[in-house]
Amino acid sequence: VLGLAAVPARAGDEGRIEIADVPVTLTNPGSYFLSRNVSVFLPDTGDAIEIQADDVTIDLNGFTVHASSGTFGGSGIYQGASYRGLRVRNGVVENARGSTGGDRAGIYAKGQGNAVEAVRADDNDYGIRLGPGGRVEDCVASSNNCDGILVGTDGRIARCAAYGNEADGVQAGNGSMIEACSAYGNKGVGIRAGSDSGVSDCTVDDSGQHGIEAGDRSMVKTCVASTSVSNGIDLASASIAEGCTAVSNRLDGIHADQNASIRGCVAAHNRSDGIEAGEGSIIESCAALYSLTNGIRARSSSILRGNLCR
């Protein structure tokens, strides 16, 4: 049933298979669960749990996977790119850190269509890192050396929190959705989405770069970005900001490239422009309050209507 590098897993309740110790390699589809906290200690090395099958579900059952760190360390849970359909839920993954950083994660699932739910990822290289079509819901990622939560193209991140990470708090590839997330105290961008993406109902504070950054043709809706080192909300070409608030950011409150649409937004107490947009943009029904330079600035062929500057 199971390929092993340590203590065997045992048959458990409801047809599930118990993971009794790590490191372990799962080579068959099925439903697995932890029965206690597990750790990888020298002389054992590598990933704590490695997945070599499609359609594996792991219930951490409220317990912690403590990975090994340093030169011989690995990820807490690892799946190669040729597999898919991994589900991980309900527990903690921690300490998956390499000696030089950046190549391990609490959960590192490279394949397509994987999901992580109700997991906390602390003090890893990446907290949670999924491939294309990945879904991360109701998770927390903190104090990781790189991004807190990262998914590939066509992903979804919902109801997650990322704080105190050394790079981006939350990042998703092109065609993704990020919903109802919070990010604060991250040294990179608080929330970053690729092109053709949506970001909604998110709150970002104290980012080391932009608060929220979205690629071409994206939409940022009903979000709040404050006290970012760069722009509060930064939009690429042909993107939309609607019903957003940007307060006390060190550069622009809301900054957009050409052909953007900014509607019903408030920008207050920002240290550069309140709202700035490139050529051919529309800014309407917005309020720009107490900016250090311009309240609203738009390039040629733009339309401004129904706005308030003070």
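Here the structure is a predicted model, which means the values were calculated and not measured.
Between the side chains of H210 and S228, no donor-acceptor pair of N or O atoms lies under 3.5 Å. Looking only at atom types and distance, the side chain of Q171 has a donor-acceptor partner in the side chain of D147 under 3.5 Å away. Neither side chain, S200 nor E179, offers a donor N or O lying under 3.5 Å from an acceptor on the other. One side chain, Q258 or S237, offers a donor N or O that lies under 3.5 Å from an acceptor on the other. A side-chain N or O of S261 and one of R263 form a donor-acceptor pair less than 3.5 Å apart. No side-chain donor-acceptor contact under 3.5 Å links D196 and N174. Side-chain contact of D205 with S226: a donor-acceptor pair under 3.5 Å is present, judged by distance alone. Side-chain atoms of D206 and T227 form no donor-acceptor pair, as typed in the model, at a separation below 3.5 Å. Side-chain atoms of Q79 and N114 form a donor-acceptor pair, as typed in the model, at a separation below 3.5 Å. Side-chain atoms of T222 and D201 include a donor-acceptor pair closer than 3.5 Å.
Residues S176 and D154 approach most closely at OG-N, 3.4 Å, considering heavy atoms. The minimum heavy-atom distance linking G169 with A162 is given by the pair O-CB, 3.3 Å. Nearest heavy atom pair, residue I283 against residue R297, reads CD1-O, 4.5 Å. In this structure, N307 and S285 approach most closely via the heavy-atom pair OD1-N, 3.1 Å.
Considering only heavy atoms from C-beta on, D59 comes within 4.5 Å of R16 through its side chain. Between C202 and I178, the closest side-chain pair of non-hydrogen atoms falls below 4.5 Å. The shortest side-chain heavy-atom distance between C181 and I191 falls under the 4.5 Å cut-off.
Annotation: the span from N144 atom CG to Y126 atom OH amounts to 10.5 Å, rounded to 0.5 Å. Between the CG atom in L235 and the CG atom in D257 there is a gap of 8.0 Å [rounded to 0.5 Å].
The side-chain tip of R36 does not point at the ring of F63 from less than 6.0 angstrom away and within 45° of straight on.
When the side chain to side chain donor-acceptor pair (under 3.5 Å) test is applied to N95, the partners found at least two apart in sequence or on another chain are H66, R97. Partners of Y184 under the ring-ring contact (aromatic ring centres under 6.0 Å, His included) rule, at least two apart in sequence or in another chain, are Y163.
Not a single donor-acceptor pair under 3.5 Å links the side chain of N186 to the backbone N or O of S207. Between the S197 side chain and the S195 main chain, a donor and an acceptor come within less than 3.5 Å of each other. For S302 (side chain) and G278 (main-chain N/O), a donor-acceptor pair under 3.5 Å exists by modelled atom type. Between the side chain of S239 and the main chain of S218, a donor-acceptor pair closer than 3.5 Å is present.
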* **Full working for side-chain contact (heavy atoms from CB on, under 4.5 Å) between I275 and D252** => CA-CA 6 Å; I275 300 172; D252 296 342; over 6 Å; no
* For V119 and V88, what are the C-alpha separation, side-chain angles and deciding distance, and is it a side-chain contact (heavy atoms from CB on, under 4.5 Å)? -> CA-CA 8 Å; V119 168; V88 182; 4.3 Å; yes
* To do: Report the C-alpha distance between Y83 and Q112 in whole Å, list the side-chain angles of each, state the deciding distance to 0.1 Å, and finish with yes or no for side-chain contact (heavy atoms from CB on, under 4.5 Å).
  => CA-CA 7 Å; Y83 302 105; Q112 298 185 21; over 6 Å; no
* What do the steps show when you test Q209 against R192 for side-chain contact (heavy atoms from CB on, under 4.5 Å), and what is the final call? -> CA-CA 10 Å; Q209 298 177 25; R192 188 196 304 258; 4.0 Å; yes
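Cluster annotation: V38 and Y32 are assigned to the same hydrophobic cluster (Ile/Leu/Val/Met/Phe/Trp/Tyr, side-chain heavy-atom contacts under 4.5 Å, transitive).
Only one option out of R135, R89, R87 pairs with E117 in a salt bridge (Lys or Arg N to Asp or Glu O under 4.0 Å); it is R135.
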